[in-house]
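The basis for the numbers below is simple: all heavy atoms, side chains too, and nothing from hydrogens, waters or symmetry mates.
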Amino acid sequence: MFRHPARPGHEVAPRRSAGQFCRVSASTDVARPSLEALLLPVLDRAYSYALRLVRNRADAEDLVQEAALAAARGFSGFEQGTNFGAWYFRILTNCFYARHRRRETTADADLDEIPDLYLYERAADLGLHGTSPDPAGELLASIDRDQIDEALVSLPNEYRVVAALYFVQDFSYAEIADVVNVPVGTVRSRLHRARKLLQLRLWNVAREHGLVRGAPEGSP
Amino acid sequence: MTIDRYTCAEVFARLDDYLDRELDPAEVELVRQHLETCEKCSSEYRFEAGVRENLKTKLRRIEVPASLTAQVRAALADPGATDSE
Ligand SMILES: [Zn+2]
């Protein structure tokens with residue numbers, strides 16, 4: 001993929017001082033920044049997020065575009081001074097859920113059967129803990145981004161959403177809670193399960209691709 | 001001041017929060033103290049931190065295609081025109 005040396009979104013950023021945004025009060029419509037001025041700077045992040053929710057670039061582009069239109073329709077509901085990124089990501093997440101309503105078959109009970117520290121134990125099986133200075137790095141070294149994407153996209157929707165916000169956006173639990181519109185405790189438990197499932201899937205990806213030498217057959 | 005020390009189980013229950021900086025400072029201190037003296041827990045901690053770092057690094061932001069930026073700008077300029085799907 002071609003990469004610009006400039007920071008993402010730099011060239012399209014509006015030529016306005018930051019102070020102009022900060023001084024806008026909720027009641028004055030005059031200096032209210034346009035949706036475009038708010039949206040374009042977060043578009044890279046939105047696209048990266050969308051790519052981990054759906055399976056391919058075309059669907060990710062559709063999702064970002066659909067969310068932009070929904071944001072345009074609902075822009076009067078955006079409260080000035082609040083986190084625009086979280087607001088737009090919430091819309092994008094809702095658009096994703098609306099498109100993928102199908103009931104999922106992975107029950108929470110199944111997820112709870114995955115042991116904690118799944119990859120840690122596999123690294124132990126491979127004898128990495130005593131011998132490698134960085135067992136996690138060594139275990140994951142041969143797994144590339146596409147394979148991690150594959151594992152991430154394979155998660156059930158509600159786990160995929162929190163995992164994408166966490167791993168891709170580096171959001172805090174509170175920020176994820178704000179986007180997904182659930183309590184922080186729910187984010188915490190979904191994230192915990194998402195991590196366990198992701199570790200299991202990553203292990204399976206590594207085995208399927210023959211990336212782990214001498215790997216024993218895994219459980220689940 | 002004598003304070004309670006965490007057991008391995010108490011540390012493990014807080015490992016995610018500790019890694020994600022979601023613990024309050026008093027709990028952070030208790031976890032930190034335990035990790036300094038318990039090889040098993042600190043080995044688990046380093047491994048989990050390594051997994052997280054590895055995934056976050058590999059899942060970094062992807063630049064949006066210029067064509068999508070153009071489409072979004074066009075849609076915002078005239079929401080009705082592209083809202084037909
Ligand atoms: Zn311990």
Side-chain angles (χ1 to χ4, degrees), chain A residues 1-4 8-9 12 34-36 39-40 43-48 51-52 57 60-62 64-66 68-69 71-73 116-117 119-120 123 129 134-141 143-145 147-149 152 164 166-170 172-174 184 188 191-192 195 198-199 202, chain B residues 7-25 27-28 35 38-85:
Chain A
M1 181 180 46
F2 181 74
R3 287 190 175 279
H4 289 286
V12 293
S34 71
L35 175 57
E36 184 178 313
L39 182 55
L40 293 183
L43 219 49
D44 273 320
R45 292 166 58 204
Y47 179 65
S48 305
L51 254 185
R52 272 56 184 249
R57 285 163 191 268
E61 292 188 21
D62 281 355
V64 169
Q65 174 83 340
E66 186 186 337
L69 289 166
R73 286 192 294 272
D116 286 312
L117 298 169
L119 285 178
Y120 181 87
H129 289 308
D134 178 17
E138 193 163 323
L139 194 66
L140 297 172
I143 301 181
D144 65 21
R145 187 167 79 184
Q147 290 158 343
I148 297 171
D149 280 350
L152 198 54
Y166 173 79
F167 284 110
V168 182
Q169 304 295 345
D170 222 1
S172 69
Y173 295 0
V184 169
R188 181 178 279 108
L191 205 46
H192 183 71
R195 283 172 174 136
L198 194 59
Q199 289 204 355
L202 283 171
Chain B
T7 63
C8 293
E10 286 169 325
V11 166
F12 186 72
R14 291 166 177 79
L15 204 54
D16 281 349
D17 280 8
Y18 182 73
L19 283 161
D20 295 335
R21 297 182 173 80
E22 298 278 347
L23 283 185
D24 67 51
E27 287 183 302
V28 167
L35 292 180
C38 178
E39 180 47 40
K40 175 180 156 290
C41 288
S42 71
S43 165
E44 292 171 0
Y45 162 72
R46 285 195 308 271
F47 187 86
E48 291 300 307
V51 170
R52 241 153 268 228
E53 218 29 64
N54 194 289
L55 296 184
K56 283 190 173 180
T57 302
K58 288 176 179 169
L59 289 173
R60 270 210 196 103
R61 197 173 296 183
I62 295 168
E63 201 167 316
V64 68
S67 58
L68 179 59
T69 304
Q71 276 175 38
V72 167
R73 296 181 91 129
L76 295 184
D78 186 7
T82 43
D83 200 15
S84 52
E85 276 184 86

Checking B:Glu48 against chain A: side chain, backbone, both or neither under 4.5 Å from a heavy atom? side chain

Give, as side chain, backbone, both or neither, the part of B:Thr57 having an atom under 4.5 angstrom from any heavy atom of chain A. neither

Would you check if the side chain of B:Lys58 reaches a backbone N or O of A:Asp149 as a donor-acceptor pair within less than 3.5 Å? no

Between B:Leu68 and A:Glu61, what is the shortest heavy-atom contact and its length? CD1-O, 3.6 Å

Proximal to chain A - members of residues 8-18 of chain B, heavy-atom separation under 4.5 Å: B:Phe12, B:Asp16, B:Asp17

Point-to-point distance, once rounded to the nearest 0.5 Å, from CG of A:Leu43 to OG1 of B:Thr69: 5.0 Å

Do B:Phe47 and A:Leu117 pass the side-chain contact (heavy atoms from CB on, under 4.5 Å) test, and can you show the C-alpha distance, the side-chain angles, and the key distance before you say yes or no? CA-CA 9 Å; B:Phe47 187 86; A:Leu117 298 169; 5.8 Å; no

Leading residue by heavy atom contact count with chain B [cutoff under 4.5 Å; candidates A:Gln199, A:Arg195, A:His192]: A:Arg195

Can you tell me how far apart CZ (B:Arg73) and CG (A:Leu40) are? Round to the nearest 0.5 Å. 5.0 Å

Ion pair present between A:Arg188 and B:Asp20, side-chain N to carboxylate O less than 4.0 angstrom? no

Do B:Ile62 and A:Arg145 have side-chain heavy atoms sitting under 4.5 Å apart? yes

Nearest 0.5 angstrom please: B:Glu53 CD to A:Asp134 CG, how far? 10.5 Å

Roughly how far, to the nearest 0.5 Å, is the CZ atom of B:Arg21 from the OG atom of A:Ser172? 12.5 Å

Chain B contact via A:Ala123 - which portion, at a heavy-atom distance below 4.5 Å: side chain

Using heavy-atom distances under 4.5 Å, tell me whether A:Glu66 contacts chain B through its side chain, its backbone, both, or neither. neither

Tell me, out of A:Val184, A:Asp170, A:Leu51, A:Leu152, who's got the most heavy-atom pairs with chain B below 4.5 Å. A:Asp170

Who passes side-chain hydrogen bond (donor to acceptor under 3.5 Å, both in side chains) against B:Glu22, sequence neighbours left out? none

A:His129 versus chain B, the contacting section by heavy-atom distance below 4.5 Å: side chain

Side chain proximity check, A:Tyr47 to B:Glu63, heavy atoms < 4.5 angstrom: no

Counting C-beta onward and ignoring hydrogens, is there a side-chain heavy-atom pair between B:Leu55 and A:Leu202 closer than 4.5 Å? yes

Just checking, B:Lys56 and A:Tyr166: is the charged tip under 6.0 Å from the six-membered ring centre and within 45° of the axis? yes

